[in-house]
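Order of the sequence lines fixes the chain letters, A, B, ..., with proteins taken first and strands second; residue numbering starts at 1 for each chain.
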Amino acid sequence: MAKGRELKGRIKSTENTKKITRTLEMVATSKMKRAQDRVAAARPYARALAEVMANLHAPELAEQFPLLRQPATVRSAAVILLTANRGLCGAFNSNLIREGRQLLQRLESGGAQVELHAVGRKGIGYFRYLGRPMAVQRADLTDKPSAADAASLIDDVMARFGSGALDAVYIVYSRFNSVMSTPPTSERVLPVAVPARTGAARDFILSPGAEQILTELLPLAVRNAMYRALIETAAGFQSAQRTAMKNATDNANEMLTTLRRTYNRGRQAQITQEIAEIVGGAAALSG
Amino acid sequence: MLTVAVISPERVLFEGQAPSVVAPAHDGEVGILPQHAPMMALLGTGELRLGSGERFRVRGGFLQVADDQVRVVTEWSEPA
């Protein structure tokens, strides 16, 4: 019954793998829930900022604000590529990396010098393997990125855009539409695109003036775009991991069914054969 | 009564009614009572006090008043 022992070993190891994937699935599910809550909790701030900027913004002001400067040609750009620190999440990281590479190619074929800021161990590993130099490598962000993390990533880039050293800044991240839909997305965060005003303008008392308020608020909007990208990517990662682990658990279950069936069939065949041998032997003796 | 919302990038810290609001604007404290004219002001660093007793430490951001709705949108804040 050598075949049977071998099957038993495979059943055992599949069971063990299933235990791991099931646990990871449950961990990812609860983390995803919290990450989703963070995405939802960040919306009121983004909405309030967008509304106020739309109210204050006037096209003729654009010239005065370094962060609104629209360069005619993009000579130098920065791409901030967000990936996860860990794998076991299906094609999540490779989708982000592919989106990032396409963006890099598009910008470079337009004649721009592009510097790459890689966030997350998976993206860093990939571009290190390709041998592409990275301006910034960050693998220290956790599952719960904070607004301070976002500021530490974008503030330096924002200052360089303001001084004219960069002409465009993009973030590649995973947009969190829902648990099932987290498409990789490229978003241009600088120059800032001020949302269009909805409804009539109201007469606000402004303290100080519109210009000073906008000067203060534009950096907040850029930081917020970065923060949103971080938390949406974190939520997307958890949901991708949950899906991947759920599929793995389902596959393990299916495999176990087949293995157990094969094992039992073999065991029964062996018993039948043994009985036949005993009966045959007894008949030969008595005969 | 005023309807007040205190919002930080990470979450909404407070949402509810208050009889008055005292906020640290960029150039000194501003007090807001019901029927205030529409206003937008930059915030400095300091303590935000609601008439209902809540207190928050805030830094940066802005304050918007319109139709007895007060929105305090801060770059950083925490309950004090």
Side-chain angles (χ1 to χ4, degrees), chain A residues 34-57 144-152 154-155 199-232 234, chain B residues 2-18 21-46 48 50 54 56-79:
Chain A
R34 267 173 287 152
Q36 238 174 312
D37 291 345
R38 267 193 293 280
V39 172
R43 284 207 183 108
Y45 181 82
R47 207 177 309 128
L49 261 186
E51 214 175 277
V52 169
M53 288 204 313
N55 255 313
L56 291 174
H57 179 64
K144 287 179 281 215
S146 67
D149 290 331
S152 76
I154 198 87
D155 277 4
R202 296 197 56 159
D203 243 344
F204 281 99
I205 304 171
L206 298 175
S207 156
E211 283 167 39
Q212 286 99 313
I213 296 184
L214 262 185
T215 313
E216 289 293 319
L217 293 196
L218 286 172
L220 298 196
V222 177
R223 267 179 225 140
N224 186 243
M226 185 75 234
Y227 175 65
R228 260 185 309 126
L230 284 176
I231 54 175
E232 291 194 20
Chain B
L2 295 161
T3 309
V4 186
V6 182
I7 305 167
S8 81
E10 283 161 17
R11 65 198 174 100
V12 177
L13 280 101
F14 176 84
E15 209 162 18
Q17 305 275 318
V21 175
V22 177
H26 67 109
D27 54 356
E29 291 201 323
V30 286
I32 291 145
L33 292 170
Q35 306 285 314
H36 198 289
M39 178 177 84
M40 223 180 272
L42 278 181
L43 296 181
T45 306
L48 170 75
L50 307 187
E54 280 86 0
F56 302 92
R57 285 191 286 148
V58 302
R59 186 175 64 224
F62 66 93
L63 164 108
Q64 190 187 34
V65 194
D67 306 324
D68 284 349
Q69 309 261 348
V70 181
R71 259 202 311 209
V72 184
V73 179
T74 66
E75 197 180 3
W76 176 87
S77 58
E78 64 175 30

State, to 0.1 Å, how close B:Gly61 and A:Leu220 come at their nearest heavy-atom pair, and which atoms those are.
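That would be CA-CD1, 3.9 Å.
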Heavy atoms only: give me the nearest B:Pro9-A:Ala147 pair and the separation to one decimal.
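Shortest heavy-atom contact: CB-CB, 4.1 Å.
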Most heavy-atom pairs under 4.5 angstrom with chain B, which of A:Leu217, A:Leu49, A:Ile205?
A:Ile205
What part of A:Ile231 gets closer than 4.5 Å to chain B, counting heavy atoms only: side chain, backbone, both or neither?
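Contact with chain B is absent: no heavy atom of A:Ile231 under 4.5 Å.
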Can you measure from CZ (B:Phe62) to CG (A:Leu206) and round to the nearest 0.5 angstrom?
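Taking CZ in B:Phe62 and CG in A:Leu206, the distance rounds to 11.5 Å.
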Chain B to chain A donor-acceptor contacts, backbone plus side chain, under 3.5 Å:
from, atom 1, to, atom 2, distance (Å)
B:Glu10, OE2, A:Ala147, N, 2.6
B:His26, NE2, A:Ser207, OG, 3.2
B:Pro38, O, A:Ile205, N, 2.9
B:Met40, N, A:Ile205, O, 2.7
B:Met40, O, A:Ser207, N, 2.9
B:Leu42, N, A:Ser207, O, 3.0
B:Asp67, OD1, A:Arg202, NH1, 3.4
B:Asp67, OD1, A:Arg202, NH2, 3.4
B:Asp67, OD2, A:Arg202, NH1, 2.9
B:Arg71, NH2, A:Glu51, OE2, 2.8
B:Glu75, OE2, A:Arg223, NH1, 2.1

Please flag which part of B:Val65 lies under 4.5 Å from any non-hydrogen atom of chain A: side chain, backbone, both or neither.
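B:Val65 touches chain A through backbone heavy atoms alone.
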